Amino acid sequence: MKIASFNINGIKARIDALTDWLKEADVDVVVLQEIKSVDENFPRAHFEDMGYIVETHGQKSFNGVAILSKLPLEDVTRGLPNGAGMGRDGADDIEARYIEATVMGKDKALRICGLYLPNGNPVDLNADGTPVAGSKYDFKLKWMQRLHDRAAELFALEEPFLMAGDFNLIPQAEDAKRPDAWRKDALFRPESREMFRKLMGQGFTDALRVKNAADETYTFWDYQAGAFDRNDGIRIDHFLLCPQAADHLQDCQIDAYARAKAKPSDHVPIWVDLDL
DNA sequence: ATGGTGGGGTTCCCA
C-alpha cells in the first residue's frame, strides 16, 4: 500500500500539479494539507473520476485537509479531539487541520491520521520565556499536546496507525540547509522540538530517517530568493509510524521532482510503501 | 536590516 502526504498550498491553484503528480506517483492514498477551500468548492468529481474516494475537512481561505483514497475508507473523523476552549481566542478550536480514516489493506486495517500542524510564528514570549497565552506559538504548542494525547490513545490499541502531514517542525539541525537561520523560528525552537520528541518518544518511527538517510533531503523550499535552486530547504513533512505499522515499512521517499515543475507548491510529496 | 514570492480573498492575512 502506497500512502503519500502533500501540502498543496491551495487546491484551486494546484489542481493541475496535483493531478499530474497523482498520475505519476500512483498512490493508493494521499493526505492533503492547505487545501484552502470549503468542502463545497473542492473539485471532488475531478478526483472521483480518477478513481479516488474524496473526504475533505475544509474551511474558508486557510488550512483545510483531505484524504483521497483508491481503497475503501471507514470511520472518517474530522478535527483533532479536545478542541473545546483550545482556539486562539479561548473559544473552541475550529481550524481545519486534522482528519482520520481507516483504510483496509490486504488483510489488516490501517488508521491514517492526516495533519496540518500550526506554523506557530510569530513567536511571542513573556519575560520569563513562556509563550504568551493566546499567541500563535502558544496555540502551536497546545495543539502538539493534543496531538500527543490522540497518539497515546491510538498507541494503546496496539493496531497499525500512522500520522502523516505537514508538521511545521524541523526535528534536527541536519533537517535544514541553514539551521542557524531557523533557531528562533517556531519550526525549530527548543519548545517545539521538545514537544516533537515527546510525541516521538511514545514509540513512533520517523519513516524517512529509516529508509532514506541521505543528507540535504528536504520537503519544503521557500518560494523566495531561489531557495529550491540552492536546495535551501527544510524537512517538515513527516511520516510517523507506530510499531505495528513500522513492521510493514518497505520504503519512504520524497518526490522532490515535483518542485521543479510548473506552478509548484512550496512543499513536495512524501510517501511510504507498506506491505499491508 | 530588508525584501524577496505565492495563495486566498479583498484592500490585508497567512506562510
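Remember, it's a predicted structure, so these values are computed and weren't measured experimentally. Sequence lines set the chain letters: A, B, ... in the order given, protein chains first and strands last, and positions in each chain run from 1. No hydrogens, no waters, no symmetry mates; every other heavy atom, side chains included, goes into these values.
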Flag yes if A:F47 and A:L73 sit in one hydrophobic cluster, no otherwise; membership is Ile, Leu, Val, Met, Phe, Trp, Tyr, and two members link when side-chain heavy atoms are under 4.5 Å apart. no

Heavy atoms only, 4.0 Å cut-off, all strands: where does A:Y116 land among base, sugar-phosphate and nothing? sugar-phosphate

Test item: side-chain donor near acceptor, A:Y137 and A:S192, under 3.5 Å: yes

Give every pair of a protein N or O atom and an N or O atom of nucleotides 5-9 of chain B that lie under 3.5 Å apart, one pair per line with the distance.
residue	atom	partner	partner atom	Å
B:dG7	OP1	A:R14	NH1	3.4
B:dG7	OP1	A:K263	NZ	3.0
B:dG8	OP1	A:A13	N	3.4

Looking only at side-chain N and O atoms, does A:N126 offer a donor or acceptor that is under 3.5 Å from a partner on A:T130? yes

Atom CG of A:N7 and atom P of B:dC14 are separated, to the nearest Å, by 16 Å

When the C1' atoms of B:dT2 and B:dG7 are considered, how many whole Å apart are they? 23 Å

Could you tell me the separation between the CZ atom of A:R88 and the P atom of B:dC14, rounded to a whole number of Å? 7 Å

Using a strict 4.0 Å threshold on nitrogen-to-oxygen distance, state whether A:E191 and A:K140 make a salt bridge. no

Integer angstrom distance from the P of B:dT10 to that of B:dG6: 22 Å

For A:D149, all residues meeting side-chain contact (heavy atoms from CB on, under 4.5 Å), sequence neighbours excluded: A:Q145

Expressed as a whole number of Å, how far does the C1' atom of B:dG9 sit from that of B:dC13? 9 Å

Tell me: NZ of A:K140 to C1' of B:dA15, nearest whole Å? 12 Å

Quickly work out the A:D237 CG to B:dA15 C1' distance and round it to whole Å. 13 Å

Report yes or no: is the cationic atom of A:R193 (NZ for Lys, CZ for Arg) closer than 6.0 Å to the six-membered ring centre of A:F188, at no more than 45° off its axis? yes

Quick one: A:D266 CG to B:dG4 C1', roughly how many Å, whole number? 14 Å

Distance, P atom - from B:dC12 to B:dA1, rounded to whole angstrom: 27 Å

